[in-house]
Amino acid sequence: MGLFNKVGLLSKKDEKLISDPLSDNNPITVQVLGICSALAITAELEASVVMSVSVLFVMGVGNVVISMIRNIVPSKIRIIVQLTVIATLVIIVDLVLKAFAYELSKTLSVFIGLIITNCIIMGRFEAFALGNGLWRSFLDGIGNAFGYAVILVIVGFFRELLGSGTLWGFAVLGDPIDKTGLYALGYENNGFMLLSPMALIVVGIIIWVQRARSKHLIEE
Amino acid sequence: MEHIELFFKSVFIDNMVFATFLGMCSYLAVSKKVSTAIGLGAAVTFVLAITVPLNWLLDQYVLQDGALTWLHPSLIDYDLSFLSFILFIATIATMVQLVEIIVEKFSPSLYNSLGIFLPLIAVNCAILGGSLFMQSREIASIQLATTYGIGSGFGFFLAILAIAAIREKIRYSSVPGPLRGLGITFIITGLMAIGFMSFGGMLTGGDEPAKETVSDKNEVGNEDDLVYKINQEIN
């Protein structure tokens, strides 16, 4: 990385806020946050991307809002305040999706609502936005949302490609009924990849690969 | 009979953890020891058993399309369902605060061992998910909503207890380094979820009128249809 730093956009410390969650401090594979929604909707690439964008919006704006009001909210009621902020943002996302992508919002069903309880968001509010300024909180928010998005897109990519032979709805491997493309060679879709348990196993494999590459993450 | 069916359906077929992946965060974080897992499982069951019927009342008398007519007939045009997220989560957050106070008072040892995770029940996806699924599945009465809450809570309890027991044992096996801890837990959960899928045909077995099989391969959002399709293929 170091790209933003080189062009002089961000200082080195700020740069780390964005680059860390993408690798060694990934919210899903290392911090173990936000897994609930990450797994259920990754059978299609499109749904994964829409979910990532929604989380990106909620986290970016939410972290800024929480950071702005961090000094005036009594710590006793902060959880309810945080939940209200997130819920408001999620309602906006939900209404926008219903207006512009109705089919997709039906596929995502309750999982858009479950962004509210996505532990990534609360976790970052608690761990970062409550103690840091506006700009850094914003960077932390989008950094973590990108880290979340990377895993979602990888899982969605493999599940859709291996499960239904399409990417973003386009048949990239040929037509399974007319037996064109790869299917002419006797390739078959692995319907198992579409079932929810496979999401867990794919994430398990991602963790395996990541930890094999960076040894200091290995537990015990 | 209706209640028993719903209970078994929410424990085994629509298991919170294995079928819908709700409550995964705390499921993974608190499942290192059986004793804490039991504590969290019980807390989740308790909170679900209270919040689902409460939110059912909210849904019926405040949020649904035309639900406000009991106040005044002229309110029939109001549809407040877009507010459900914020009202549901407010109910849940309040209830969790209450449970926290009670547990702190009566069982300090449990309170200490659950530590940070008790307030996090408020943001446990399983709790909000229970209410949202209750709403989207249009559960008919408050008794059924209670059964549904208890059933899904019990399903979570079962799942976290099982994985905690497995994780206690797996410490003695030689798992490849990079898979140790989180990685192997994910894979075991995946295998357990496959196991739980075999309950899929338990209540629908045979005598249900044949559903239209999913012809469009892209329509994969609905797990029920997929499970059903696979069952058909097996038969």
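To find a chain, count down the sequence lines: A is the first, B the second, and so on, and within it residues start at 1. Every heavy atom of this structure was used, including side-chain atoms; hydrogens, water molecules and symmetry mates were not.
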(request) Look at A:Ala87, A:Pro197, A:Gly204, A:Ala47 and state which one has the largest set of heavy-atom pairs under 4.5 Å with chain B. (result) A:Pro197
(message) With chain A as the partner, which of B:Phe82, B:Phe18, B:Phe85, B:Tyr27 has the greatest number of non-hydrogen pairs under 4.5 Å?
(response) B:Phe85
(request) Please flag which part of B:Ile187 lies under 4.5 Å from any non-hydrogen atom of chain A: side chain, backbone, both or neither. (result) both
(message) With a 4.5 angstrom heavy-atom cut-off, is it the side chain or the backbone of B:Ser136 that approaches chain A, or both, or neither?
(response) side chain
(message) So if I apply the side chain to side chain contact (heavy atoms under 4.5 Å, CB included) rule between B:Phe133 and each of B:Val52, B:Asp14, B:Leu128, B:Thr20, which one comes out positive?
(response) B:Thr20
(message) Any heavy-atom pair between the side chains of A:Met122 and A:Ile86 that's under 4.5 Å?
(response) yes
(message) For a 4.5 angstrom cut-off between non-hydrogen side-chain atoms, does A:Asn63 reach A:Phe125?
(response) yes
(request) Could you tell me whether the side chain of B:Met24 reaches within less than 4.5 Å of the side chain of B:Thr189, counting heavy atoms only? (result) yes
(message) Over 60° means perpendicular and under 30° means parallel, so tell me whether B:Phe154 and B:Phe157 are parallel, tilted or perpendicular.
(response) parallel
(request) Name the member of A:Gly165, A:Ala212, A:Ala199, A:Ser214 that forms the most heavy-atom pairs with chain B at distances under 4.5 Å. (result) A:Ala212
(request) Pick whichever of A:Ile201, A:Val202, A:Thr84 has the most heavy-atom pairs under 4.5 Å with chain B. (result) A:Ile201
